[in-house]
Amino acid sequence: MSATTSHSISSPAQPGLSSSRVLLLATGAGLAVASLYYNQPMLGILGNDFGAEDATLGWIPALTQLGYAVGILLLAPLGDRYDRKRIMLGKIAALALALLLAALAPGMGTLLAASFAVGLAATLAQDIVPAAATLAPAEHRGRIVGSVMTGLLLGILLSRVVSGLVAEQFGWRAMFMAAAVAIVVLGAALSRGLPSFAPTTTLPYGALLSSLGSLWRQYGELRRAVFAQGLLSLAFSAFWSTLAVMLHAAPFHLGAGAAGAFGLAGAAGALAAPLAGRAADRHGPAVVSRRGALLAAVSFALMAVVPMLPAQAALVLIAVSTIGFDLGIQMSLIAHQSLVYSLDPAARSRLNAVLMVGMFIGMAAGGALGSVALAHYGWIGVVVLATVASLGALALRLMRSGALTPAQA
């Protein structure tokens with residue numbers, strides 16, 4: 001018996017999922033993950049308030065994503081070991097406090113620390129998705145997980161719209177304060193609307209974390225999914241973490257609201273997530289992941305001509321490309337999740353943790369590298385970085401299946 005499944009225990013049948021409960025889980029996933037992205041459209045305003053340089057501002061989204069990756073690695077596996085509902089409620093309390101600290105931050109040091117804490121606690125989203133997979137009947141699991149993922153992806157994209165508008169009208173502190181209130185309301189709803197969850201393993205915490213390495217070595221497809229999605233996430237974050245700064249400068253001279261509004265374009269990609277799930281069922285997740293990576297690479301590459309266009313035409317091209325790369329990246333994510341969740345049902349929280357750690361390390365790297373590319377090479381530097389990363393993901397997905405065979409124990 002492998003280390004990943006030893007000490008596993010059977011789980012009693014869980015109550016089914018009504019449409020209202022699916023909506024609650026989707027909303028919860030969206031609000032939790034939105035906390036990671038509120039800061040991105042507000043970076044121009046934050047820079048003016050604190051007198052910070054572009055390179056320093058890039059650490060706000062970078063530390064938020066890094067905190068999320070660390071939280072997934074250290075906290076998300078607990079969903080296989082303890083009642084997932086209690087873990088969610090604890091993270092809700094921590095997330096509300098971290099957002100409040102960000103709202104009251106007197107300087108960049110406190111804001112950077114709060115950003116990391118927000119990332120840690122926002123891993124609540126990665127407890128909600130496996131919870132949906134656990135509660136869903138097997139014959140509807142793909143559809144239900146896809147619906148919850150749509151809520152999560154809309155949270156990622158629409159968070160920028162909301163934060164841009166709120167920051168422009170009421171200031172960035174008001175946005176963080178409103179986010180803290182929303183998380184408290186979510187906690188009350190989840191407390192009443194979700195059942196308790198039986199654990200699927202009795203492994204102690206140390207062994208639970210060690211089993212992540214065992215899963216990594218055991219499944220070559222897990223490793224390929226992690227590397228490919230990590231590269232796509234790097235491209236995604238490099239663009240979104242620098243967009244507000246780029247639009248704030250010449251020739252656009254646009255505020256945080258305009259930067260956030262581009263999230264509406266990206267939302268079109270998120271809404272296609274259930275379709276991507278059905279396509280993965282029909283054609284296989286490997287095919288869908290390749291198509292997604294190719295679409296992302298082409299969409300990023302098109303934006304290389306933005307500096308050559310009049311401002312209005314450039315904005316239209318950015319919007320169209322945003323729809324394309326968001327759709328491509330979400331297609332790949334849904335395909336990779338379908339693949340990973342099928343590897344070992346008793347280790348879904350841990351498999352999800354491994355995938356998401358890679359994804360959000362990519363996010364953190366994209367935030368930092370995107371800021372460096374923008375500072376030294378301008379718009380073209382960001383576009384080249386995102387395009388090359390997407391092509392790297394495509395290359396991984398085009399590799400022979402045997403190229404990443406499971407390591408032998």
Side-chain angles (χ1 to χ4, degrees), residues 24-40 42 59-105 109-132 148 151-153 155-156 159-160 162-163 172-173 175-191 193-194 197 205 208-209 233 237 349-350 352-357 359-361 363-364 367:
L24 173 61
L25 288 167
T27 302
L31 284 175
V33 81
S35 302
L36 301 173
Y37 301 98
Y38 290 132
N39 55 39
Q40 291 182 2
M42 304 191 297
W59 281 104
I60 296 175
L63 283 173
T64 306
Q65 303 297 342
L66 183 61
Y68 198 71
V70 171
I72 291 173
L73 179 65
L74 299 182
L75 303 178
L78 294 174
D80 289 335
R81 177 65 178 83
Y82 300 102
D83 178 5
R84 196 175 279 118
K85 180 179 178 179
R86 295 181 63 185
I87 294 172
M88 289 184 212
L89 295 178
K91 288 183 179 179
I92 281 172
L95 181 55
L97 290 174
L99 288 166
L100 182 61
L101 178 62
L104 301 176
T110 303
L111 184 58
L112 290 172
S115 297
F116 185 80
V118 165
L120 281 174
T123 51
L124 164 68
Q126 298 306 324
D127 296 303
I128 292 175
V129 177
V148 174
L152 186 149
L153 298 172
I156 293 174
S159 60
R160 300 182 178 92
V162 173
S163 65
W172 61 270
R173 294 183 189 275
M175 182 62 247
F176 283 126
M177 190 70 69
V181 172
I183 291 298
V184 171
V185 174
L186 171 64
L190 288 178
S191 178
L194 288 185
F197 292 80
Y205 182 66
L208 198 67
L209 292 185
S233 299
S237 182
S349 286
R350 284 167 284 166
N352 186 66
V354 174
L355 176 63
M356 292 299 157
V357 165
M359 177 176 167
F360 283 91
I361 287 176
M363 289 279 196

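- Looking only at distances, a side-chain donor or acceptor of Y205 sits under 3.5 Å from a matching main-chain atom of L74.
- Nearest heavy-atom pair across M88 and D127 is CE-O, 3.7 Å.
- Annotation for A353 and I72: closest pair O-CG2, 3.1 Å, computed over non-hydrogen atoms.
- The distance from the CE atom of M177 to the CG atom of L104 is 5.0 Å, given to the nearest 0.5 Å.
- Between the side chain of K85 and the backbone N or O of S191 there is at least one donor-acceptor pair closer than 3.5 Å.
- Of the listed residues (L24, L25, L31), just one forms a side chain to side chain contact (heavy atoms under 4.5 Å, CB included) with T27, and that residue is L31.
- How far CG of L186 is from CG of L89: 9.0 Å, rounded to the nearest 0.5 Å.
- Between the CE atom in M359 and the OG atom in S233 there is a gap of 4.5 Å [rounded to 0.5 Å].
- The residue from I128, T123, L152 that alone fulfils the side chain to side chain contact (heavy atoms under 4.5 Å, CB included) condition with V33 is L152.
- Between atom CG of residue D80 and atom OH of residue Y82 there is a gap of 12.0 Å, rounded to the nearest 0.5 Å.
- If you take CH2 on W172 and OG on S163, they are separated by 13.0 Å, rounding to the nearest 0.5 Å.
- The minimum heavy-atom distance linking A32 with L124 is given by the pair CB-CD2, 3.7 Å.
- With L95 as reference, I183 is the one residue of I183, L100, L120 to meet the side chain to side chain contact (heavy atoms under 4.5 Å, CB included) rule.
- Of all heavy-atom pairs between Y38 and A179, the closest is CE1-CB, 3.5 Å.
- Between the side chain of T110 and the backbone N or O of A105 there is no donor-acceptor pair closer than 3.5 Å.
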Report all side-chain donor-acceptor pairs from residues 59-71 shorter than 3.5 Å, counting only partners two or more places apart or in another chain.
residue : atom : partner : partner atom : Å
T64     : OG1  : N39     : ND2          : 3.2
T64     : OG1  : I60     : O            : 2.8
Y68     : OH   : Q126    : NE2          : 3.1

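- A distance of 12.0 Å separates CG in L97 from CD1 in I92, rounded to the nearest 0.5 Å.
- Residues A131 and F197 come closest through the heavy atom pair CB-CZ, 3.7 Å.
- Pairing each heavy atom of S237 with each of M363, the nearest pair is OG-O, 2.7 Å.
- The backbone N or O of G79 sits less than 3.5 Å from a side-chain atom of R84, completing a donor-acceptor pair.
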